Amino acid sequence: MSNESVQLYYPSPEFVKNAAVSGMDAYKALCAEAEKDYEGYWARHARELITWQTPFTKVLDESEAPFYKWFTDGKLNVSYNCLDRNVEAGNGDKTAIIFEADDGQVTKVSYKELLSKVCKMANALKSMGVKKGDRVVIYLPMTVEGIVAMQACARIGATHSVVFGGFSAQSLRDRINDAGAVCLITSDGQFRGGKSIPLKPIADEAFSLGGCESVKNVIVFKRTGGEVSMTAGRDQWLHEVLASQPETCEPEWVEAEHPLFLLYTSGSTGKPKGVQHSTGGYLLQAIMTMKYSFDIKPADVFWCTADIGWVTGHTYITYGPLACGATEVVFEGVPTYPDAGRFWKMIQDHKASIFYTAPTAIRSLIKAADTNEAVHPKKYDLSSLRLLGSVGEPINPAAWEWYHQNVGGGRCPIVDTFWQTETGGHMITPMPGATPLVPGSCTLPFPGIQAAVVDETGSDVPWGQGGILVVKKPWPSMIRTIYGDPERFKKSYYPEDLGGTLYLAGDGAIRDAKTGYFTITGRIDDVLNVSGHRMGTMEIESALVAHEKVAEAAVVGRPDDLTGEAICAFVVLKGARPTGDEAKKVIKELQDWVGKEIGPIAKPKDIRFGENLPKTRSGKIMRRLLRSLAKGEEVTQDTSTLENPAILEQLKG
Ligand code: 7RM
């Protein structure tokens, strides 16, 4: 990628004029400030952007590296920073949330109302004995109540762990169990795409699997009116527990390092890991990135289409926008219901000015618009938009151009934000009023973030040469540990082969030879990215081999035009290798099985059967080979070390 051949997109003079980071000189000045006095840079922002109950005097504590700590002697409350301080500043009547339900019904919630809802929920939790440091699992749909539940935990110092509503009973059980949660907040069901989907029955199934004994209380939000069974002494309806609760609740002032939340995410090995985040450092970067990457202003209507079950929903729905006193859109449904014009209609109806979504959604809406004029963005008035964002996976230049032209009307900068569950907030992203954009590149590090590309030994590689993406210095919103497994934290993120001091993101990257712009080249571990969702190949393999018919399974990703990557499973059955209709039947059975074991997002798109898997003489599955087969490529790799070359024929698509 050389800039001679690539068009650069510059922000308009008006955008630059009003931007928080106005022009490249302003961006460079922030980077220089961090360069000169790293701790001072973050401390200045932490003082300016967060309201502290006890101001901090210490900034970065490296005494137990890589378990870095920030602002250790400061005390604060995230819910106070998101709600009370906006009310106290006279914005109590400002709309905090414009909620649009799956069926199109719109509800507006002001800051004052949101504060009172959060206080009532916080009091309800307290009345059940939930206290500072306890873990609360939240298994809720994308409704105001999900945000309220998270904020209520933050208010009393309980650590929440949100489990995406698409995860299975088994996945929910594993997360409850690992977190040792004392309380579960769920709903009877959820509405998605015009359908009513049960949730509480899945929670019940999770309990019946055993391992959820730590949970003393289950709170059930009535959303769909679906049939549920309530276990006496454990389960209570939300509306009933809220009825008697006072509308004020003194925030619990917690240390900056107090764990705000755990969020489970897939790694290359073993079970999903509970990424633990802090309070102060996390909040700081939620706010800073809202200001610098999203250029958030009081008049903006911000819309992030993520689900609160993912980190994007945490930072850019539950915390960031509210901590900035913004108005945000919260959407329960899916982009294709009632039709694929839903996003564009909502932008029009709510006059959204900042829109943040995933490339996979953009690609599916391009496809829909190509075949149906009526759902093309040009049919809608999108003139309220001034900034667009992309997150979750690399955005291909064609989708970028379409997004820029058809959604942004050619006038809105696109911030392609690279970050991870572990990083808490944006790491590499354009500053919309400064950075000239190159489609497909997340451009340059957020000011202060020391991102670099290195080789296997941890040495810098020159620009223009691909390598491993690392971060050289700790940053405030970074992962603190893997809950209950500090050793795994060290091994996963600060591996010894890189010297033990570099944060390993798990992605490959290359910097442009001239501009130094970063392009993410994809995961370097066994983690897949399907529609922006992270999935470990090992998790899917474990689910497959748990099926009674399966002897062995290997899972790889292959490129997919729509979902970025698609899951492809190579399976050896205990019985004979099935063919024809029998194969079709077993494929469906295994897909449904994985859907039930992990969740529908983990269902393999392709399943191929072999009498064996391609292995080396020492018994290692040759995954590189499987990746070629998955893509439908001719196998060009050296197969001389292969024990059983004949097997390749069977595994071709
Ligand atoms: C926010 C989020 C993290 C992984 C990450 C990358 C990929 C995310 C981008 C991206 C290219 C981007 N958290 N990724 N953003 N790749 N460009 N702008 O997605 O923990 O669920 O996933 O997603 O591989 O490591 S996540």
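Only a predicted model underlies this, so the values are computations on that prediction, with no experimental measurement involved. Each ligand, and each atom within it, is numbered from 1 in the order the structure gives.
The main-chain N or O of P445 is never found under 3.5 Å from a side-chain atom of T429 such that the two would form a donor-acceptor pair.
If you look at Y319 and H277, their ring centroids are not closer than 6.0 Å.
Within the structure, the ring pair (Phe, Tyr, Trp, His ring centres under 6.0 Å) test picks out the following pairs touching residues 406-427 (sequence neighbours left out): F294-H426, Y316-W419, Y316-H426, Y356-H426, W419-H426.
Around ligand 1 you find V311, T312, V391, G392, E393, P394, D416, T417, F418, W419, Q420, T421, D507, I520, R523, N529, R534, each with a heavy-atom distance below 4.0 Å.
In this view, K631 and E633 satisfy the salt bridge (charged side-chain N to carboxylate O under 4.0 Å, His left out) rule, not counting sequence neighbours. In this structure, R175 has no side chain to side chain donor-acceptor pair (under 3.5 Å) partners at least two apart in sequence or on a different chain.
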Chi angles and distances behind the side-chain contact (heavy atoms from CB on, under 4.5 Å) call for N81, I50: CA-CA 7 Å; N81 275 272; I50 291 176; 3.8 Å; yes

